[in-house]
S.K.: 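Have a look at this one before I ask anything.
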There are 2 protein chains.
Amino acid sequence: MTPSTSTFVLGDEGMYLFNDLPRQLLQERYGFQPSDKWADELRLSSVRFNSGGSGSFVSSSGLVLTNHHVASDTLQKLSSEDRNLIRDGFLARSTEDELKAPDLELNVLIEIIDVTDRINAAVTEKNNPDVSAKQRQGVIASIESESLDATGLRSDVVTLFGGARYHLYRYKKYTDVRLVWAPETAAAFFGGDADNFEYPRYNLDATLMRVYEDGKPAVIKHFLRWSEIPVSDGDLVFVSGHPGRTQRIFTVEALEYLRDKRLPFVLDYLRRKEILFQQYQLEGNEAARRGRDELFGIQNARKAYTGMLAGLQDPQTIATRRGRQHRLMTAASNDPQLKPLVSAWKEIADIQQEKAEQLTRSVSLRSDLFQLAISILLLAKEDQKPNGDRLAEYTDASRDSLLTRLTSPAPLYNDLQRVKLADEIALLLERRGMDDELVQEVLAGRSPREVAAEIVDQSKLADPEVRRQLIDGGINAVLGSDDPAMRLARIIEPEYRRYRAIEDQLSEREKQAYAKIARVITAIEGTGGYPDATFTLRLAFGTVKGYVENATEIQPTTDFAGAYEHAAAHAGQDDFDLPESWMNAKSKVDLSTQLNFVSTADIIGGNSGSPVVNREGKLVGLIFDGNIQSLTSDYLYTDQQARAVSVAGVGIREALRSIYDAESLASELGQ
Amino acid sequence: MTPSTSTFVLGDEGMYLFNDLPRQLLQERYGFQPSDKWADELRLSSVRFNSGGSGSFVSSSGLVLTNHHVASDTLQKLSSEDRNLIRDGFLARSTEDELKAPDLELNVLIEIIDVTDRINAAVTEKNNPDVSAKQRQGVIASIESESLDATGLRSDVVTLFGGARYHLYRYKKYTDVRLVWAPETAAAFFGGDADNFEYPRYNLDATLMRVYEDGKPAVIKHFLRWSEIPVSDGDLVFVSGHPGRTQRIFTVEALEYLRDKRLPFVLDYLRRKEILFQQYQLEGNEAARRGRDELFGIQNARKAYTGMLAGLQDPQTIATRRGRQHRLMTAASNDPQLKPLVSAWKEIADIQQEKAEQLTRSVSLRSDLFQLAISILLLAKEDQKPNGDRLAEYTDASRDSLLTRLTSPAPLYNDLQRVKLADEIALLLERRGMDDELVQEVLAGRSPREVAAEIVDQSKLADPEVRRQLIDGGINAVLGSDDPAMRLARIIEPEYRRYRAIEDQLSEREKQAYAKIARVITAIEGTGGYPDATFTLRLAFGTVKGYVENATEIQPTTDFAGAYEHAAAHAGQDDFDLPESWMNAKSKVDLSTQLNFVSTADIIGGNSGSPVVNREGKLVGLIFDGNIQSLTSDYLYTDQQARAVSVAGVGIREALRSIYDAESLASELGQ
């Protein structure tokens with residue numbers, strides 16, 4: 001990939017690889033030349049939350065800054081009936097008070113190595129996707145395993161440009177991660193579901209954690225300095241984070257599949273779960289606490305997908321893409337070298353049909369207990385195979401991260417587990433019908449609620465020690481276990497594998513087809529500049545910039561004064577009360593301090609918690625959201641109105657000082 | 001139908017026709033003989049809310065008692081930003097203060113005439129369902145129209161036993177109905193969605209209205225006396241009301257269609273609307289007010305259907321029915337006279353397949369504006385045809401009720417209308433795909449939101465005067481109108497008619513098949529005693545009786561003391577705060593007064609607001625709910641745990657006196 005501008009990218013579009021930064025583009029447009037040191041410092045200060053999110057080192061003693069909503073999974077797991085960290089927030093007055101997260105894994109990207117040639121050389125079979133997938137999987141497992149053995153670093157092979165490039169990413173891992181400070185949800189998620197994806201915003205969606213090594217705060221060499229200066233309209237800013245997934249290479253037919261099948265299907269599922277959790281939470285205050293974080297995740301996804309679907313339902317969206325696709329296909333058809341690649345579009349279209357047929361066939365019940373059980377079962381079974389033949393999550397290189405998850409001491413509540421499992425079994429029944437053999441075997445004459453109650457009440461798998469013993473016991477212990485959750489996993493496993501094989505085959509065929517399309521795009525439009533997001537480290541850039549909405553000019557920055565005004569304007573509405581700490585501190589806070597700002601940087605889910613830095617590489621903000629107009633950016637970047645939303649660095653420091661009485665923490669930032 | 005007991009009914013099962021009361025059964029089981037006077041008084045005191053619900057006359061001056069949740073549609077329509085009757089309740093201190101409902105129609109059943117023979121004689125075609133449906137529709141329209149002309153009474157032909165019997169119902173109509181008293185929602189719907197369909201309950205789900213004639217309170221000869229005595233465990237009680245729909249004749253295949261197709265489909269739809277309304281209501285306090293009643297209706301339906309589906313998903317439910325069906329079919333196959341009828345089961349099974357294919361094809365957008373527009377369009381077009389050839393809602397006999405609805409002055413809010421219409425258009429797109437011709441014509445290159453915004457913002461149909469002028473203008477005005485809502489109706493009309501014709505044909509075939517099945521049942525099991533519910537007046541009976549749940553004995557009655565305790569036990573939870581009026585009056589209320597009670601009477605949706613009377617025909621309660629165990633009663637009555645839930649008559653009077661300071665109203669009850 002040559003680092004050059006492209007006719008393909010629009011405005012400040014782009015999520016660039018750190019080994020392929022848009023140097024020429026930045027120079028031409030902004031007169032900015034990132035030095036190697038600037039880029040290395042930023043990369044080594046950037047942190048991936050393996051649970052799905054981004055963060056950054058912000059002190060030499062291991063402080064990690066991320067979003068409250070990235071940390072909330074940990075806050076939920078550290079809470080109990082008597083200690084509601086989600087609602088009340090948390091502040092450790094000393095390192096002794098810091099709370100160890102039950103199952104966090106943080107990754108820092110140390111090195112990227114291009115392994116495309118080795119992988120392509122190993123994949124000799126071109127026409128049988130089952131064989132080529134096996135070959136590719138085998139060589140990837142070997143590369144990862146060799147790298148792990150050689151370096152001790154977490155080693156992941158990443159598929160880029162839909163399969164045109166493969167890079168090996170090596171990460172330093174931190175698994176002793178402790179909670180230092182979190183604000184109340186009322187401040188972090190001020191405005192609730194109503195304000196989510198809206199702007200202007202006034203949210204302190206920030207949390208501080210600390211990584212430990214050998215039981216002591218880790219000594220961190222590369223961390224971000226904290227800018228004392230708020231951002232201003234027009235400032236160039238950079239986002240270094242881990243965008244989860246984009247689909248910008250998608251063909252028209254792939255987008256139509258999203259629009260007509262996948263997104264309506266996913267939204268029906270999300271709304272079902274949203275109502276289910278709402279109903280569960282009505283059972284009382286403790287139920288409301290137990291279900292809080294999961295409901296938030298569901299609502300967030302529902303609102304995001306609703307915006308994505310609405311964008312696709314605008315006929316203009318796909319019409320634009322259709323034009324470009326037509327031009328590419330025509331140009332490729334007229335070029336003898338590219339002509340053999342044109343069939344890839346048809347292949348993608350065919351795959352969408354097959355995906356639609358698979359949509360309701362998944363048997364991977366979204367129940368924590370079932371997921372633990374089937375993972376333990378598959379782990380034991382995959383362990384019987386050579387490393388290269390295993391399902392991707394069960395290779396040697398993936399083992400540590402998997403074990404962290406499978407033996408997490410995070411609590412599982414029986415009442416909630418019953419509700420979740422019963423609904424998933426009912427859904428299995430709805431999708432496959434009562435006469436389906438698998439359904440018959442799962443129900444055995446009982447109702448979904450009865451089955452779920454029996455499994456949850458009698459299974460011992462909620463105890464992490466029991467899970468560890470099963471894992472250590474290996475294949476005999478796992479196959480011999482009469483735990484009802486393990487029994488359910490054994491019943492479902494054959495169909496799970498059958499479905500998984502179809503999924504993997506479709507994915508392999510799609511990979512091969514998109515690799516061809518990527519070659520056409522590169523040949524005709526020049527390099528696209530950046531591959532679709534893969535939950536690996538990327539650099540985005542943009543400017544701080546307002547926008548016009550319904551003939552109103554939206555200013556790019558907000559301040560603390562605005563937060564208090566917003567609360568007053570929405571008095572009596574749910575989720576618009578600022579917490580007591582804010583109300584009590586109002587006279588102490590410098591109300592003109594910047595609190596949130598927007599920029600044109602190209603972000604997506606997974607970027608949550610990403611540091612925003614200025615030309616000097618100093619932290620000026622913390623990505624926490626996109627506005628409603630940005631919800632189409634999964635498949636289409638625009639900078640007309642779409643904006644990334646950040647908490648201002650100066651706002652975080654001001655809140656720590658004036659609201660949370662955490663002067664020493666505020667002083668530690670950037671030091 | 002001979003009035004006798006049947007092996008078919010269980011316990012206190014049954015929703016009996018007033019011209020076919022279960023006299024022998026009541027005599028045998030309870031030693032009770034309803035006199036003709038007792039039955040006539042009860043029938044003539046019973047009121048149907050044409051909007052969907054029941055009620056009763058409770059004073060000689062036209063007072064009508066119903067549920068708050070039946071009245072809430074009217075409360076919503078009478079409310080505005082400055083007057084929130086749903087939240088705050090209402091009390092008219094004098095008749096001058098009583099508020100006229102914008103579009104209520106109340107019906108009192110005056111007479112029932114069996115017209116089966118005339119209809120069967122007119123339906124000469126047996127093999128072509130299109131022709132037989134037309135013939136049946138024609139003769140029904142004639143009967144209704146003749147009856148209306150002859151008596152001036154609303155005249156409806158009712159299809160009973162799935163088409164085995166037809167009765168003509170004649171009603172006196174009241175259309176000047178005024179609001180007298182309603183409690184706050186916090187008292188009427190105390191415990192909210194959490195407590196809905198639960199028991200024990202403590203709800204004052206009651207409202208009083210008054211019917212007027214010639215601008216004065218109507219003089220009512222037949223009304224219910226008010227019992228001074230609370231009910232006791234074991235008391236025999238009667239429910240006189242209008243159960244909306246049951247499906248107890250359904251075959252196994254029809255229940256499987258409900259379980260595997262229809263109910264999951266409907267629940268996806270309801271959850272979609274529930275989230276849509278929740279999201280709309282987040283926009284602010286006024287949006288919350290505007291969407292309140294519709295959201296309640298959606299949530300209520302969602303909870304009811306969830307319970308229905310869960311019941312069907314218990315394999316035992318259908319296994320029981322399968323056994324009975326097998327016995328019936330075997331017995332009929334062995335009887336030369338009945339043998340030709342056995343094919344009806346296969347016919348029903350076939351129809352379910354066809355129904356499944358139609359499930360996503362409906363184009364009747366659930367938008368108020370669209371419904372008004374298409375109704376006005378169809379009215380003008382159907383008016384061009386002879387009475388007997390029209391769609392059922394547009395016959396001469398139905399005209400008055402239709403006009404009441406179409407010219408209602410109830411407010412339509414543009415913001416809410418935009419949200420509703422945009423979602424319905426998006427759903428049309430999701431179901432039919434972007435390439436569908438109708439979708440293309442509706443969108444014309446725009447997004448669903450853009451189309452909805454244009455229609456709602458530019459249509460004048462929200463104004464009832466504009467609607468009246470269009471209706472009065474007839475076919476030319478309607479076809480010439482360039483109102484965008486009328487344009488949308490004209491675009492959709494052909495497909496609406498195509499779909500409607502298929503629906504009507506399926507319904508006709510089903511009717512013929514169930515009529516055969518009803519004949520088999522009668523021949524083999526004796527008369528079933530009662531036909532499935534048809535939103536016409538029925539008598540149910542039962543005893544006041546507690547039940548056991550999770551090894552706990554649930555007492556059949558609750559009192560005001562319990563209400564205050566329930567509020568205290570759920571402090572901090574949404575919808576568990578009693579209103580200020582209750583908190584202020586606590587010392588004045590006789591806390592031992594009965595508030596709610598349960599009985600084994602057989603009820604279903606539509607029974608809401610039904611009076612509960614004792615052996616003397618005096619009012620002792622007001623049906624407002626069934627418990628969660630009763631949610632299967634649509635297709636399966638049981639009295640194991642399933643119960644009907646009522647507000648106690650003595651509780652209503654006590655609340656009026658001690659909480660609402662409405663002594664004169666309390667004294668008027670039963671007088």
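Note: hydrogens, waters and symmetry copies are ignored here, and every other heavy atom, side chains too, is used.
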S.K.: Do you know which of A/Gln316, A/Gln279, A/Arg446 has the most heavy-atom pairs with chain B at a distance under 4.5 angstrom?
M.R.: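 Of A/Gln316, A/Gln279, A/Arg446, A/Gln279 has the most heavy-atom pairs under 4.5 Å with chain B.
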S.K.: Please flag which part of B/Gln313 lies under 4.5 Å from any non-hydrogen atom of chain A: side chain, backbone, both or neither.
M.R.: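 For B/Gln313, heavy atoms of backbone and side chain both lie under 4.5 Å from chain A.
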S.K.: Using heavy-atom distances under 4.5 Å, tell me whether A/Ala319 contacts chain B through its side chain, its backbone, both, or neither.
M.R.: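 For A/Ala319, neither part sits under 4.5 Å from chain B.
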S.K.: In terms of heavy-atom pairs under 4.5 Å, which option from A/Leu443, A/Leu309, A/Ile275, A/Asp260 contacts chain B the most?
M.R.: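 Greatest number of close heavy-atom pairs with chain B: A/Ile275.
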S.K.: Atom CD of A/Glu274 and atom CG of A/Asn300: how far apart are they, to the nearest 0.5 Å?
M.R.: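 Going from CD on A/Glu274 over to CG on A/Asn300, the span is 10.5 Å.
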S.K.: Heavy-atom cut-off 4.5 Å, strictly under: side chain, backbone, both or neither for B/Ala569 against chain A?
M.R.: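 For B/Ala569, no heavy atom lies under 4.5 Å from chain A.
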S.K.: Is B/Glu283 in contact with chain A via its backbone, its side chain, both, or neither, using a 4.5 Å heavy-atom distance?
M.R.: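 Looking at B/Glu283, just its backbone touches chain A.
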S.K.: Considering only heavy atoms, which portion of B/Leu427 lies under 4.5 Å from any heavy atom of chain A: side chain, backbone, both, or neither?
M.R.: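 Neither part; nothing is under 4.5 Å.
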S.K.: Within the side chain of A/Arg418, is there an N or O that forms a donor-acceptor pair under 3.5 Å with the backbone of A/Arg449?
M.R.: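 No; judged by distance alone, with no hydrogens or angles, the pair does not exist.
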S.K.: Using the ring of each side chain (for Trp, its six-membered ring), is A/Phe576 parallel, tilted or perpendicular to A/His570, with breaks at 30° and 60°?
M.R.: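 If you compare the ring of A/Phe576 with that of A/His570, the planes turn out parallel.
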S.K.: Taking NZ, NE, NH1 and NH2 as the nitrogens, is one of them in B/Lys273 or B/Glu424 under 4.0 Å from a carboxylate oxygen of the other?
M.R.: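 Yes.
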S.K.: Using only heavy-atom distances, determine whether the side chains of B/Asp415 and B/Tyr280 contain a donor-acceptor pair under 3.5 Å.
M.R.: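 Yes, B/Tyr280 and B/Asp415 have a side-chain donor paired with an acceptor closer than 3.5 Å.
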S.K.: How long is the gap from CG on B/Asp193 to CD1 on B/Ile298, to the nearest 0.5 Å?
M.R.: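 Reported value, rounded in 0.5 Å steps: 12.0 Å.
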S.K.: Count the heavy-atom pairs under 4.5 Å between each of B/Ile425, B/Thr317, B/Asp268 and chain A, then report the option with the highest count.
M.R.: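 The answer is B/Asp268.
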S.K.: Please classify the contact between A/Arg302 and chain B as side chain, backbone, both or neither, with a heavy-atom cut-off of under 4.5 Å.
M.R.: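 Only the side chain of A/Arg302 comes within 4.5 Å of chain B.
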S.K.: Say whether B/Gln353 and B/Glu253, considering side chains only, have a donor N or O and an acceptor N or O under 3.5 Å apart.
M.R.: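 No - no donor-acceptor pair under 3.5 Å links their side chains.
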S.K.: What option among B/Gln278, B/Gln299, B/Gln440 has the most heavy-atom pairs under 4.5 Å with chain A?
M.R.: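 Most pairs with chain A among the choices: B/Gln278.
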S.K.: Pick from A/Ser447, A/Pro315, A/Ala426: which one has the most heavy-atom pairs with chain B under 4.5 Å?
M.R.: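 The option with the most such pairs is A/Pro315.
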S.K.: Assess the side chains of A/Asp625 and A/Tyr199: does a donor N or O sit below 3.5 Å from an acceptor N or O?
M.R.: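 Per modelled atom types, A/Asp625 and A/Tyr199 side chains form no pair under 3.5 Å.
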S.K.: Quick one: what part of B/Lys303 sits under 4.5 Å from any heavy atom of chain A, side chain, backbone, both or neither?
M.R.: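 Contact with chain A involves the side chain of B/Lys303 alone.
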